[in-house]
Amino acid sequence: MTHQTHAYHMVNPSPWPLTGAFSALLLTSGLVMWFHYNSFTILYIGLLTNMLTMYQWWRDIVREGTYQGHHTPIVQKGLRYGMILFIVSEIFFFAGFFWAFYHSSLVPTHDLGGCWPPTGITPLNPLEVPLLNTSVLLASGVSITWAHHSLMEGKRNSMNQALLITIILGVYFTALQTSEYLETSFSISDGIYGSTFFMATGFHGLHVIIGTSFLTVCLLRQFKFHFTSKHHFGFEAAAWYWHFVDVVWLFLYVSIYWWGS
Amino acid sequence: MVAAVCASRMSGLLSRALPRVGRPMSSGAHGEEGSARMWKALTYFVALPGVGVSMLNVFLKSRHAEHERPEFVAYPHLRIRTKPFPWGDGNHTLFHNPHVNPLPTGYEDE
């Protein structure tokens, strides 16, 4: 027999896990070379191989699913589990930074002045740009839900419009945060306040950029008719990730921007 | 103010969630008929105006704000430099703004 008698996906051999592992080694050792020996070369090669691996690996997944039909319902179920577990791991990643923030801010040490925010730190007003950022991400959560329902109802124009609005809001958030970063009176080197603020919001911002990229890929695939009204897991995964990014921001806003000011 | 916005959004969601269709959906993946229209309305009448109001708020507040910066005090717990940054002269943070960010020795433009 030359065909499989089960619905699972036996993936063809692929070089991308290996190139991905190499890129991880180059990235880590590259950072060491940059921090300690003032050399950017290995880091640059690491970034390049990492980008190439991601592009080619995910391109192959799109080919296997959309063009070759390997993503049967049971395979899709496995992909769902995978995305959920990944997002759970990201939740734990952020939990660490929130732990550090609360550890430092609930019992401020003597050298900070025994208070939070520490002496000499002027925190951002939570009712200005941070509030705008909150409304932007919440709005993007509404527009992405509109996109999903449009997709499920076969409304192509609506879906394109809604997804585009979501992406624009994501870019707007990033632009606002960048301008905030350039305007704050405190920096990452300003003690534990600066460290916790910029590590938590910085990684969040990186995740916004990742989420926006994921959504942009979905938009491009939508233009090429990859999604059907019943089968569009790539979009759902992007939407889950986007909602996760939104929720992390809400925690950041309440904890660091509001309570911590 | 955030709470009021959230509360109005939640009550809007609750009132609009009353079922419009009586027949059950046969396929699990299918969305409720007309729900895309509801989310479109929410986007254009609630979410985006909310962003607009917040933008207006920031704009109005920025006009009133005075731009005098706090006097420089060389606190030992701020402007920490245990190791130079790997870029530039190693003494400037990544998003350094000379007008509002003093170096460990003071503001650069004084």
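Scope of the values below: all heavy atoms of this structure, side chains included, with no hydrogens, waters or symmetry mates. Order of the sequence lines sets the chain letters (A, B, ...), proteins ahead of strands, with each chain counted from 1.
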Subject >> Residue pair B:Val58 / A:Val129: nearest heavy atoms and the distance that separates them >> reply: CG2-N, 3.7 Å
**OP:** Answer whether the closest heavy-atom distance between the side chains of B:Phe85 and A:Ser189 falls below 4.5 Å.
**Re:** yes
Subject >> Validation row: B:Trp87, A:Trp34 side chains within 4.5 angstrom (heavy atoms) >> reply: yes
**OP:** Step through the shown structure and confirm whether more than 12 heavy atoms of other residues, nucleotides or ligands are within 6.0 Å of NZ on A:Lys77.
**Re:** no
Original post:
Atom NE2 of B:His96 and atom CG of A:Leu182: how far apart are they, to the nearest 0.5 Å?
Top reply: 11.0 Å
Subject >> Nearest non-hydrogen partners of B:Ala47 and A:Val142, listed with the distance >> reply: CB-CB, 4.0 Å
Original post:
For A:His149 and B:Ser35, which heavy atoms make the closest approach, and how far apart are they?
Top reply: ND1-OG, 2.7 Å
Subject >> A:Asp111 side chain to B:His77 backbone, donor-acceptor under 3.5 Å >> reply: no
**OP:** For residues B:Gly34 and A:Glu153, report the shortest heavy-atom separation together with the two atoms involved.
**Re:** N-OE2, 3.5 Å
Original post:
Could you state the interatomic distance from CG (B:Leu78) to OH (A:Tyr193), rounded to the nearest 0.5 Å?
Top reply: 11.5 Å
**OP:** Using a cut-off of 6.0 Å, state whether more than 12 heavy atoms not belonging to B:His99 lie near its atom NE2.
**Re:** yes
Subject >> Top of A:His231, A:Glu183, A:Met159 for chain B proximity - count of heavy-atom pairs under 4.5 angstrom >> reply: A:Glu183
Original post:
Is the number of heavy atoms from other residues, nucleotides or ligands within 6.0 Å of OH (B:Tyr107) greater than 12?
Top reply: yes
Original post:
Looking at side-chain heavy atoms only, is the closest gap between A:Leu132 and B:Val51 below 4.5 Å?
Top reply: yes
Original post:
Nearest heavy-atom pair of A:Asp190 and B:Arg79: which atoms, and what distance?
Top reply: OD1-N, 2.9 Å
Original post:
Under a 4.5 Å heavy-atom cut-off, does chain B meet the side chain of A:Ile165, its backbone, both or neither?
Top reply: side chain
Original post:
When heavy-atom pairs shorter than 4.5 Å are enumerated against chain B, which of A:Ile188, A:Leu112, A:Asn38 gives the highest number?
Top reply: A:Leu112
**OP:** Inspect the surroundings of CZ in B:Phe72 and state if more than 12 heavy atoms from other residues, nucleotides or ligands are less than 6.0 Å away.
**Re:** yes
Subject >> Toward chain B, the part of A:Thr119 with a non-hydrogen atom under 4.5 Å >> reply: both
**OP:** Select one option (side chain, backbone, both, neither) describing which atoms of A:Gln161 are under 4.5 Å from chain B's heavy atoms.
**Re:** side chain
Original post:
Using the ring of each side chain (for Trp, its six-membered ring), is A:Trp146 parallel, tilted or perpendicular to B:Tyr44, with breaks at 30° and 60°?
Top reply: perpendicular
Subject >> Pairwise distance OG1(A:Thr145) to NZ(B:Lys40) - rounded to 0.5 angstrom >> reply: 15.5 Å
Original post:
Counting distance only, does the side-chain N/O of B:Asn97 pair as donor-acceptor with the main-chain N or O of A:Thr184 below 3.5 Å?
Top reply: no
Subject >> Nearest atoms (heavy-atom pairs only) where A:Leu131 meets B:Ser54 >> reply: O-OG, 4.3 Å
Subject >> Min side-chain heavy-atom separation B:Leu48-A:Leu169 under 4.5 Å >> reply: yes
**OP:** Go through the atoms of A:Phe40 and report whether side chain, backbone, both or neither lie under 4.5 Å from a heavy atom of chain B.
**Re:** neither
**OP:** Give, as side chain, backbone, both or neither, the part of B:Arg69 having an atom under 4.5 angstrom from any heavy atom of chain A.
**Re:** neither
Subject >> B:Ser62 and A:Glu128: side chain donor to acceptor below 3.5 Å >> reply: no
Subject >> Point-to-point distance, once rounded to the nearest 0.5 Å, from OG of A:Ser150 to CZ of B:Arg37 >> reply: 12.0 Å
